[in-house]
A.B. asks: 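The structure that follows is given in the form of structure tokens.
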Amino acid sequence: MIHAHGLSRRFGRKRVLDGVDLDLPDTGFLLVTGPNGSGKTTLLRLCAGLLVPTGGSLEIAADRGEIGFLGHDPLVYRGLTALENLELYGRLYRVPERRERSGMLLERFGLWEVRNDRVASYSRGMMQRLSLCRALLHEPRLLLLDEPFNALDTAGAELLQRELAERRGATVVATHDPDRVSRLATARLAFA
């Protein structure tokens with residue numbers, strides 16, 4: 001799914017990634033750890049196609065429409081309801097039976113009762129849950145999650161752990177809390 005050799009990324013004179021080698025199969029689970037500023041987010045943005053490498057090679061065996069991405073920004077519209085957000089993303093990704101899929105995810109992630117409320121009224125944790133629904137809506141072959149446990153309460157974190165354990169595609173999780181998903185990892189990458 002992901003093949004990288006000597007992958008590097010610079011921002012001006014600052015080298016953020018330097019010579020990363022990576023080979024993640026279609027059903028692999030990569031756990032990425034490291035301190036703030038070590039390159040975790042940059043790696044995920046490269047894999048999502050949001051950045052281009054400045055050195056080395058990177059091959060992703062999934063089209064952009066087959067990638068689910070959760071970054072630091074929730075990427076949901078605060079003026080819309082949860083249902084409207086998922087309807088919009090479902091159309092963009094051409095999700096068959098998107099209403100049923102949206103309803104199932106909202107129920108699973110504990111947002112069904114507030115599905116018609118504007119997202120602006122949501123707490124940060126509720127917004128994170130909705131962002132996870134958005135990232136999972138089109139059943140991506142490659143799921144990229146950057147600090148997915150941020151703002152989640154215990155129930156939300158346990159729900160996400162179960163969701164990740166049941167996934168069939170490739171998954172990359174960058175986190176400061178590796179214990180939550182370490183048993184799922186088939187590969188690890190630790191930045192200094």
A.B. asks: Check whether any side-chain heavy atom of I67 lies under 4.5 Å from a side-chain heavy atom of I60, and answer yes or no.
C.D. replies: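 In short, these two side chains touch, coming nearer than 4.5 Å.
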
A.B. asks: With no hydrogens and no angle check, is any side-chain donor or acceptor of R98 less than 3.5 Å from a backbone partner on Y89?
C.D. replies: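 Not a single qualifying donor-acceptor pair exists.
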
A.B. asks: Group every Ile, Leu, Val, Met, Phe, Trp and Tyr by side-chain heavy-atom contacts under 4.5 Å, then state whether L143 and L30 land in the same group.
C.D. replies: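 In one cluster with L143: L30, no.
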
A.B. asks: Would you mind reporting whether F69 and R45 have side-chain heavy atoms less than 4.5 Å apart?
C.D. replies: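 Side-chain contact under 4.5 Å: yes.
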
A.B. asks: Just verifying a value: how many Å separate L142 CG and R64 CZ, rounded to the nearest 0.5 Å?
C.D. replies: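 Here the rounded value is 12.5 Å.
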
A.B. asks: Does D21 use its side chain to pair, donor to acceptor, with the backbone of G6 at less than 3.5 Å?
C.D. replies: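 Yes, D21 side chain to G6 backbone: donor-acceptor pair under 3.5 Å.
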
A.B. asks: Please name the pair of heavy atoms, one in A151 and one in R124, separated by the smallest distance, quoted to 0.1 Å.
C.D. replies: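 Heavy-atom minimum between the residues: CB-CG, 3.4 Å.
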
A.B. asks: In the single-linkage hydrophobic clustering (I, L, V, M, F, W, Y; side-chain heavy atoms under 4.5 Å), do L144 and L22 co-cluster?
C.D. replies: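 Yes; L22 is reachable from L144 via cluster members.
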
A.B. asks: If a pair satisfies side-chain hydrogen bond (donor to acceptor under 3.5 Å, both in side chains) and one of its residues is in residues 99-116, list it, with sequence neighbours excluded.
C.D. replies: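 side-chain hydrogen bond (donor to acceptor under 3.5 Å, both in side chains) check on residues 99-116 returns R108-E163.
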
A.B. asks: Mind checking whether F149 and L75 sit in one hydrophobic cluster, side chains of I, L, V, M, F, W, Y counted as touching below 4.5 Å?
C.D. replies: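 F149 clusters together with L75.
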
A.B. asks: Would you call V76 and L86 a side-chain contact if the rule is heavy atoms closer than 4.5 Å?
C.D. replies: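 In short, these two side chains do not touch, never coming nearer than 4.5 Å.
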
A.B. asks: How long is the gap from CG on L17 to CG on L51, to the nearest 0.5 Å?
C.D. replies: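 Reported to 0.5 Å precision, the distance equals 9.5 Å.
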
A.B. asks: With rounding to the nearest 0.5 Å, note down the distance linking CZ in R13 to CZ in R15.
C.D. replies: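 So the gap between those two atoms works out to 12.5 Å.
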
A.B. asks: Can you name the nearest heavy-atom pair linking L137 to V95, along with the distance?
C.D. replies: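 Closest heavy-atom pair between L137 and V95: O-CG1, 4.0 Å.
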
A.B. asks: Show every side-chain hydrogen bond (donor to acceptor under 3.5 Å, both in side chains) that has at least one partner inside residues 31-43, sequence neighbours left out.
C.D. replies: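 Sorted result for residues 31-43: N36-H176, T41-H72, T41-D146.
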
A.B. asks: Strictly distance-based, threshold 3.5 Å: is any side-chain N or O of Y122 a donor or acceptor partner for the main-chain N or O of V114?
C.D. replies: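 Yes.
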
A.B. asks: Applying side chain to side chain contact (heavy atoms under 4.5 Å, CB included) to L145 and L132, what does each step give before you reach the verdict?
C.D. replies: CA-CA 9 Å; L145 302 177; L132 288 162; 4.2 Å; yes

A.B. asks: Side chains of T171 and V181, heavy atoms from C-beta outward: is any pair under 4.5 Å?
C.D. replies: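 Sidechains of V181 and T171: no contact.
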
A.B. asks: Given side chains that start at C-beta, do those of P148 and V173 come closer than 4.5 Å, heavy atoms only?
C.D. replies: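 The answer is yes; the side chains approach within 4.5 Å.
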
A.B. asks: Which atom pair, heavy atoms only, marks the closest approach of V16 to G39?
C.D. replies: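 In terms of heavy atoms, the two residues are closest at CG1-CA, 3.6 Å.
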
A.B. asks: Quick check: does any side chain N or O of R188 sit under 3.5 Å from a backbone N or O of L31, one acting as donor and the other as acceptor?
C.D. replies: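 Pair absent, no side-chain N/O of R188 close to backbone of L31.
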
A.B. asks: Given side chains that start at C-beta, do those of V119 and M127 come closer than 4.5 Å, heavy atoms only?
C.D. replies: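 Sidechains of M127 and V119: in contact.
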
A.B. asks: Counting distance only, does the side-chain N/O of S8 pair as donor-acceptor with the main-chain N or O of T54 below 3.5 Å?
C.D. replies: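 No; zero donor-acceptor contacts below 3.5 Å.
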
A.B. asks: CG/L70 to CG/L44 distance, rounded to the nearest 0.5 angstrom?
C.D. replies: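 The CG atom of L44 is 9.5 Å from CG of L70, to the nearest 0.5 Å.
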
A.B. asks: I'd like to know if the side chain of T27 reaches the main chain of P25, judged simply by a donor and an acceptor atom lying under 3.5 Å from each other, with no hydrogens or angles considered.
C.D. replies: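 Side chain of T27 to backbone of P25: no pair is present.
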
A.B. asks: Side chains of L43 and R9: does their closest heavy-atom pair fall under 4.5 Å?
C.D. replies: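 Answer no - side chains too far apart.
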
A.B. asks: Working to the nearest 0.5 Å, report the span between CG of D177 and CG of L152.
C.D. replies: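 Here the interatomic distance stands at 11.0 Å.
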
A.B. asks: Where do D153 and R129 land on the side chain to side chain contact (heavy atoms under 4.5 Å, CB included) test, with the steps shown first?
C.D. replies: CA-CA 10 Å; D153 56 16; R129 287 176 184 232; 2.9 Å; yes

A.B. asks: Roughly how far, to the nearest 0.5 Å, is the CZ atom of R180 from the CG atom of L164?
C.D. replies: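 Going from the CG atom of L164 to the CZ atom of R180 covers 11.5 Å.
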
A.B. asks: Within the 4.5 Å heavy-atom criterion, are Y77 and L88 side-chain neighbours or not?
C.D. replies: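 In contact.
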
A.B. asks: Is R141 reaching over with its side chain to a backbone N or O of E66, donor-acceptor style, under 3.5 angstrom?
C.D. replies: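 Pair absent, no side-chain N/O of R141 close to backbone of E66.
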
A.B. asks: L50 and F11: same hydrophobic cluster, using ILVMFWY side-chain contacts below 4.5 Å?
C.D. replies: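 In one cluster with L50: F11, yes.
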
A.B. asks: When clusters are formed by joining ILVMFWY residues with side-chain heavy atoms under 4.5 Å apart, either directly or through shared neighbours, do V172 and L160 land in the same one?
C.D. replies: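 Hydrophobic grouping puts V172 apart from L160.
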
